[in-house]
Amino acid sequence: MLPASNYYRDIGGQHSGGNLRTSSKRLEVDVRLSCVPSTVMFVFMIFMPKSVRWLYFRGQTEEAKRILQELRGTDDVDIEMEEIAEDYRKTNNDKSLGGKGCSLLLNMLRNTAVSRALLLGVMLQLFQQFSGINTVIYYSATILVMSGASSNKAIWLSAAVCTANVVFTFIGIVSVERFGRKILLMGSMVVMMIGLTLLGIAFIVIDRSSQGISTTGVGECISASASCYSCVGDDLCSVCSNGVGELMCLTSNATDLINSTCPGGKVSNVCKTEYSWLAVVGLVVYIMGFAPGMGPLPWTINSEIFPNWSRDTAMSITTTTNWVCNSIISQTFLQLTNAATTSGAFFIYCGITLVGMIYFFICLPETRGVSLEHTEELFSSSRTFVGLKTGLKKKEIVDNELEQ
């Protein structure tokens, strides 16, 4: 909910700020709007219960048991409490052996189970970002303008993308325990690839149906004057009509030429097309796939696959990976569209998503129903997890061992 609230704030800030006279006023509106999701999060955090393990590890055993009973919906939690107690003793022992700082990191890498889990956690965060999600989040309005929508229309169409994000996030919440992590992640990535393919096709169609340039381009824009779309795709170039329906591609800062050639001295970076809707559909389908699966599941799975003695360090590494990849993908999108065309950029993201799906199909175990005390055993051997329910089979083996 918080990311969705921030996204709506961004849209509102772009719209309201764009209609204000000064940049300082726009900044003031954006800052005030950003307080709304922060306030909502603060209120809900008041009602968030403390972690069962956090309470137990601090000696509040009865309170930990009460909250666990509430979470499980039953009073019969004695076996799980015993497992938590055993994990507490094991964690204290492992932490004393694991060390601190560099020695802890080295021990994590030497431990087969932890190093395999760490690689998986890093890959989850890496493929989440390199699938192109933040090009959609940060540049949705820009993408829609590229597809031929006006600036104001693009901002409001971005709200439709955000609405899909909110709705399908709730679907993920309902589905994750019913279908499991791996099936939901695989389905999510398939739908994301469909959305990215639609986006790639959309920009190919828009390019081919784009109105031709009737007058030869000027200066740096001669090479970009094949069509309206190729002209506005160059950061230096814009199009204008000469008053009789013919388009001219010229340098955006050629003020004298613009004033003498373009009616009213106006240029545009938007090409009229009847296929803008295809880009909107591609964006919405992509978000429909991302929101219930590839969005939350990397965080969910990372919280489940590390033993307690290494969890804080491992989570720090995977979170750092997420933000580094976020920065890379958001800083390179426009350069990638210039180098590989807009459609090419989305096909590249689609290819990366396909590679990630294959990797997770082979290396990701199903962790649904597996307690934190048992997840380390999933990675303790060199076995792979080809299939969709491999983790459940491993859990059954662990449960049989406990019963013996």
Side-chain angles (χ1 to χ4, degrees), residues 2-14 17-18 23 26-27 30-31 33-34 37 121-147 149 151 154-155 157-158 161-162 165 189 192-193 195-197 199-200 202-203 220 224 229-230 232-238 252-253 269-270 279 282-283 286-287 289-291 294-296 298-299 302 316-356 359:
L2 183 63
S5 300
N6 278 322
Y7 195 18
Y8 278 124
R9 185 263 298 171
D10 291 339
I11 294 171
Q14 291 177 63
S23 58
R26 175 174 180 171
L27 178 61
D30 281 353
V31 170
L33 286 171
S34 67
V122 167
M123 290 297 103
L124 281 164
Q125 300 291 17
L126 183 147
F127 281 112
Q128 183 202 63
Q129 292 301 316
F130 282 178
S131 66
I133 179 57
N134 280 313
T135 64
V136 173
I137 297 297
Y138 299 152
Y139 294 105
S140 58
T142 302
I143 292 168
L144 291 168
V145 168
M146 288 177 178
S147 71
S151 297
I155 289 173
L157 286 173
S158 296
V161 177
C162 180
N165 190 12
M189 298 181 85
M192 288 166 62
M193 286 190 292
L196 290 167
T197 302
L199 280 166
F203 281 99
E220 300 93 331
Y229 181 74
S230 61
V232 300
D234 191 315
D235 293 338
L236 299 175
C237 307
S238 299
S252 301
N253 59 6
N269 289 315
V270 177
L283 285 172
Y286 176 81
I287 288 294
F290 180 85
M294 200 58 179
W299 302 101
N302 268 302
S316 298
I317 293 171
T318 58
T319 301
T320 299
T321 301
N322 182 281
W323 286 106
V324 169
C325 293
N326 181 328
S327 177
I328 292 171
I329 207 72
S330 59
Q331 294 294 328
T332 59
F333 172 63
L334 295 179
Q335 290 85 345
L336 184 60
T337 60
N338 289 333
T341 74
T342 305
S343 58
F346 289 116
F347 286 135
I348 289 171
Y349 295 145
C350 184
I352 293 173
T353 304
L354 176 61
V355 172
Y359 173 80

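The structure presented is a predicted model; accordingly, all values stated were derived computationally and were not measured.
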Asks: Taking all atoms of both residues into account, what is the closest heavy-atom pair of Ile329 and Gly132, and its distance?
Replies: CG1-CA, 4.4 Å
Asks: Mind checking what makes side chain to side chain donor-acceptor pair (under 3.5 Å) contact with Thr135, not counting sequence neighbours?
Replies: none
Asks: Return the CG to CG distance between Asn326 and Leu126, rounded to the nearest 0.5 Å.
Replies: 12.0 Å
Asks: When rounded to the nearest 0.5 angstrom, what is the spacing between CG in Asn322 and OG in Ser327?
Replies: 11.5 Å
Asks: Decide yes or no for Gln125 and Asn302: does some side-chain heavy atom of the first lie under 4.5 Å from some side-chain heavy atom of the second?
Replies: yes
Asks: Side chains of Pro298 and Phe127, heavy atoms from C-beta outward: is any pair under 4.5 Å?
Replies: no
Asks: With a 4.5 Å limit on heavy-atom distance, are the side chains of Phe290 and Ile137 in contact?
Replies: no
Asks: Under the side-chain contact (heavy atoms from CB on, under 4.5 Å) rule, what do Gln129 and Trp323 come out as? Steps first, then yes or no, please.
Replies: CA-CA 9 Å; Gln129 292 301 316; Trp323 286 106; over 6 Å; no
Asks: CG of Asn165 to CD1 of Ile287: how many Å apart, nearest 0.5 Å?
Replies: 5.0 Å
Asks: For Tyr349 and Phe333, take the angle between the two ring planes, folded into 0 to 90°, and tell me which bin it lands in: parallel under 30, tilted 30 to 60, perpendicular over 60.
Replies: parallel
Asks: Okay, side chain of Thr319, backbone of Ser316: is any donor-acceptor separation there less than 3.5 Å?
Replies: no
Asks: Over all heavy atoms of both residues, which pair between Gly289 and Met192 is shortest? Give the atoms and the distance, please.
Replies: C-CG, 3.8 Å
Asks: Quick one: pull up OG1 in Thr197 and CZ in Phe347 and give me the separation to the nearest 0.5 Å.
Replies: 6.0 Å
Asks: Is there side-chain contact between Thr318 and Leu124, with at least one heavy-atom pair below 4.5 Å?
Replies: no
Asks: Find the distance between SG (Cys350) and CG (Leu199) and round it off to the nearest 0.5 Å.
Replies: 10.0 Å
Asks: About how many Å separate CG of Leu196 and CE of Met193, when rounded to the nearest 0.5 Å?
Replies: 9.0 Å
Asks: Who passes ring-ring contact (aromatic ring centres under 6.0 Å, His included) against Phe130, sequence neighbours left out?
Replies: none
Asks: Do you know the tightest heavy-atom contact between Ala279 and Ala202?
Replies: N-CB, 3.8 Å
Asks: To check you understand the geometry: which heavy-atom pair defines the closest contact between Pro296 and Ala291, and what is its length?
Replies: CD-O, 3.1 Å
